[in-house]
Participant: 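Got a structure for you, questions after.
From a predicted model like this one, the values you see are computed outputs, not experimental measurements.
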Amino acid sequence: MASRVFSRIKGRNTFSAWRQPRAILWAAASAVTLGFLVALEMTARHYGVSGPITNQVREVMLPPKSGGLLYASMALMMVVLTWRQRFVALAAAIGIDVAFSVVRWAADIKITEGHPFGNGALWVMLGCAVLALTRRTGRERALLLKGVGLGLLLMTGRKTGDTWLLITAKTRPDVLDPYVAIADHALGDPSWLVGRVVEATGAIGFNFLDFVYGQLPVAGVLVALYQLRNVAVERRFPRHHVVRSFLMIGLLGPAIYMVYPVVGPIFAYGTGTEHWAAVSVWADAWPTRQWAVAELWPTTPPPPLSVPHPIPFDELTPRNCMPSLHTAWATAIFLHTRKGPRALRYAGTFWLVATLCATLGFGYHYGADLIAGVVFVLTVEAALRSYDRGWDRSGLQLVAYGATVFVALLASYRYLPMEMARHPWLYGPLLLLAMASVIYGYVRTTAGWEPKAAPAPDAELTVPRQATPPSVPDVVDAGRG
């Protein structure tokens, strides 16, 4: 009896010792996240705008900026719920939105910006957080809080990104577009080429690509729902999924915007989004022609031998080109759909190709941005997967190599653009080769991380042995018995 009690106490102590470092890690991550949001809120207030915390709190009562994003966030949260609980949560969210609409109609409140729905989804997520803290214990509480945290992180990431982009415009008055535009001659000026193709497709082609481009977060949520489909049954999250990749890309990428501010060819060499005003259904249009070097996009690439220099730009256009995070997110979706069913794999490939066409064809990015975005996301993915499986030599080498190539790309765009423009047949293949080497290294290394399939059983062992006939003495003895 005493030995049983001792073993139980020892097991509990071992479990507590195992849980304590994880609890400390989660507490530290939460504290860092909260501190970052508070610092971002104070910085935004310094520049006269509201920060992510204020914008998120407003959406509890006011029309949200993106109702679809709030419902997508709630869908992520519901992966931890049973089917019955999911139906109840969805019905509650819709009911709350209907109640908000009735109150606004009765009070004659006109919605001038934002969506008339989405508040219900936010209320349901907050209600689930209260339910977890007051009515759940142990692992059930932790699982429900993780689900709520996953949904809130998606919303907060969007608010943080919007605030951060505004800060890039306020704090980086000069942009480096001439350097990237000259370096892009080594790739054949793909933004100018694809831009003319999109123009030729007219309103149908533009708005189709614009829809795909704008719904990239929804595509990420759909992939995440597939990857997290078994959470409610297994009562745990998988080690690696696309939401982690999205959040890490969104956390690290904007920091590079501050180091390498670029606005994009349609702004630096065009008239801004006003260029698409005649064919666009959804996109907002604001002219920036007074800040452009010249009105060249997408008809005439800039002169290849003009000496690049930083140029001033307005305090509204985000410096969000280098690297292309839309390319990074679309590549992450592509990577995370490779093990899914055929329809999901086709969808991931389509979203990647359509996003690349949109980023170039809309004039939002140069070709050099896309190469940097691919290298960036492969390095982030390699780091996340190495962290999950435990750092070893192959993981460290892959992450170090990807980071080295990424830094080399940025340095070459900044300090060798003239050389790249003079020798496009040398530097163009070199840029593509550098990207291809990272892709090859990622595929080869991660293939070695996959669990090996069990060897097929020996054919000789699978053949059932035939029963041997009894000998004559055995039969005689049996008869005597």
Participant: Take atom NZ of Lys65 as the centre, draw a 6.0 Å sphere, and report whether it contains more than 12 heavy atoms from other residues, nucleotides or ligands.
Facilitator: no
Participant: Decide yes or no for Ile439 and Leu378: does some side-chain heavy atom of the first lie under 4.5 Å from some side-chain heavy atom of the second?
Facilitator: yes
Participant: Can a side-chain donor-acceptor contact be found between Trp329 and Ser245 if the only test is distance below 3.5 angstrom?
Facilitator: no
Participant: On the 0 to 90° scale, with breaks at 30° and 60°, tag the Tyr364-Tyr213 ring pair as parallel, tilted or perpendicular.
Facilitator: tilted
Participant: Is any side-chain heavy atom of Arg244 less than 4.5 Å from a side-chain heavy atom of Tyr387?
Facilitator: yes
Participant: Can you name the nearest heavy-atom pair linking Ala121 to Ala93, along with the distance?
Facilitator: N-CB, 3.8 Å
Participant: Can you tell if the side chain of Met155 reaches within under 4.5 Å of the side chain of Met125, non-hydrogen atoms only?
Facilitator: yes
Participant: Can you tell whether the side chains of Arg45 and Glu41 come within less than 4.0 Å, N to carboxylate O?
Facilitator: yes
Participant: Over all heavy atoms of both residues, which pair between Val80 and Gly147 is shortest? Give the atoms and the distance, please.
Facilitator: CG1-CA, 3.9 Å
Participant: Below 4.5 Å, heavy atoms only, C-beta onward: do Pro323 and Ile256 meet side chain to side chain?
Facilitator: yes
Participant: Give a yes or no on this: more than 12 heavy atoms of other residues, nucleotides or ligands lie within 6.0 Å of atom CG of Leu433.
Facilitator: yes
Participant: Can you see which heavy atom on Gln227 is nearest to which on Val242, and at what distance?
Facilitator: OE1-N, 2.8 Å
Participant: Assess Arg338 against Phe334: is NZ or CZ under 6.0 Å from the centre of the six-membered ring, and within 45 degrees of the ring's axis?
Facilitator: yes
Participant: Holding to side chain to side chain donor-acceptor pair (under 3.5 Å), I want the full list of residues that pass it with Arg345, two or more places apart in sequence or in another chain.
Facilitator: none
Participant: Leu76 vs Leu228, test: side chain to side chain contact (heavy atoms under 4.5 Å, CB included). Steps then yes/no.
Facilitator: CA-CA 8 Å; Leu76 278 182; Leu228 304 177; 4.3 Å; yes
Participant: Starting at OG of Ser191, measure out to OH of Tyr366 and round the result to the nearest 0.5 Å.
Facilitator: 7.5 Å
Participant: Supply the atom-to-atom distance Asp189 CG to Leu193 CG, rounded to the nearest 0.5 angstrom.
Facilitator: 9.0 Å
Participant: For Tyr401, enumerate each residue passing the ring pair (Phe, Tyr, Trp, His ring centres under 6.0 Å) test, keeping only those at least two apart in sequence or located in another chain.
Facilitator: none
Participant: Any side-chain heavy atom of Ser386 within less than 4.5 Å of one from Trp449?
Facilitator: yes
Participant: Can you find a pair of side-chain heavy atoms, one from Val399 and one from Trp391, that are under 4.5 Å apart?
Facilitator: yes
Participant: Among Thr355, Val374, Thr331, Leu370, find the residue that satisfies the side-chain contact (heavy atoms from CB on, under 4.5 Å) test when tested with Ser324.
Facilitator: Leu370
Participant: What are the two closest non-hydrogen atoms of Leu398 and Ala382, and how far apart are they?
Facilitator: CD2-CB, 3.4 Å
Participant: Would a distance-only check, ignoring hydrogens and angles, find a side-chain to backbone donor-acceptor pair under 3.5 Å from Glu234 to Val231?
Facilitator: no
Participant: Using the test salt bridge (charged side-chain N to carboxylate O under 4.0 Å, His left out), find all partners of Glu140 that sit at least two apart in sequence or belong to another chain.
Facilitator: Arg235
Participant: Flag this pair as yes if the NZ/CZ of Arg414 is under 6.0 angstrom from the six-membered ring centre of Tyr179 and inside a 45 degree cone about the axis; otherwise no.
Facilitator: yes
Participant: With rounding to the nearest 0.5 Å, note down the distance linking CG in Leu409 to CE in Met322.
Facilitator: 8.5 Å
Participant: Hey, could you give me the OG1/CD1 distance between Thr288 and Ile266, rounded to the nearest 0.5 Å?
Facilitator: 8.0 Å
Participant: How would you list, by chain and number, every residue that makes a ring pair (Phe, Tyr, Trp, His ring centres under 6.0 Å) with Phe376, sequence neighbours excluded?
Facilitator: Phe406
Participant: Counting only heavy atoms not in Met42, do more than 12 sit closer than 6.0 Å to its CE atom?
Facilitator: no
Participant: Which residues pass the ring pair (Phe, Tyr, Trp, His ring centres under 6.0 Å) test with His240, not counting sequence neighbours?
Facilitator: His336
Participant: Evaluate the side-chain proximity of Phe267 to Asp314: yes if any heavy-atom separation is below 4.5 Å, no if none is.
Facilitator: no
Participant: So, for Pro52 and Leu40, which heavy atoms are closest and what is the spacing to 0.1 Å?
Facilitator: CG-CD2, 3.9 Å
Participant: Got a sec, which residues hit ring pair (Phe, Tyr, Trp, His ring centres under 6.0 Å) with Tyr413, two or more places apart in sequence or on another chain?
Facilitator: none
Participant: When rounded to the nearest 0.5 angstrom, what distance separates CG in Asn119 from OG in Ser101?
Facilitator: 8.5 Å
Participant: Can you tell me how far the CZ atom of Arg389 sits from the OG atom of Ser394, to the nearest 0.5 Å?
Facilitator: 5.0 Å
Participant: Are Phe206 and Phe362 close enough that their ring centers fall under 6.0 Å?
Facilitator: yes
Participant: Mind listing the closest non-hydrogen atom pair of Arg319 and Thr168 along with its distance?
Facilitator: N-OG1, 3.3 Å
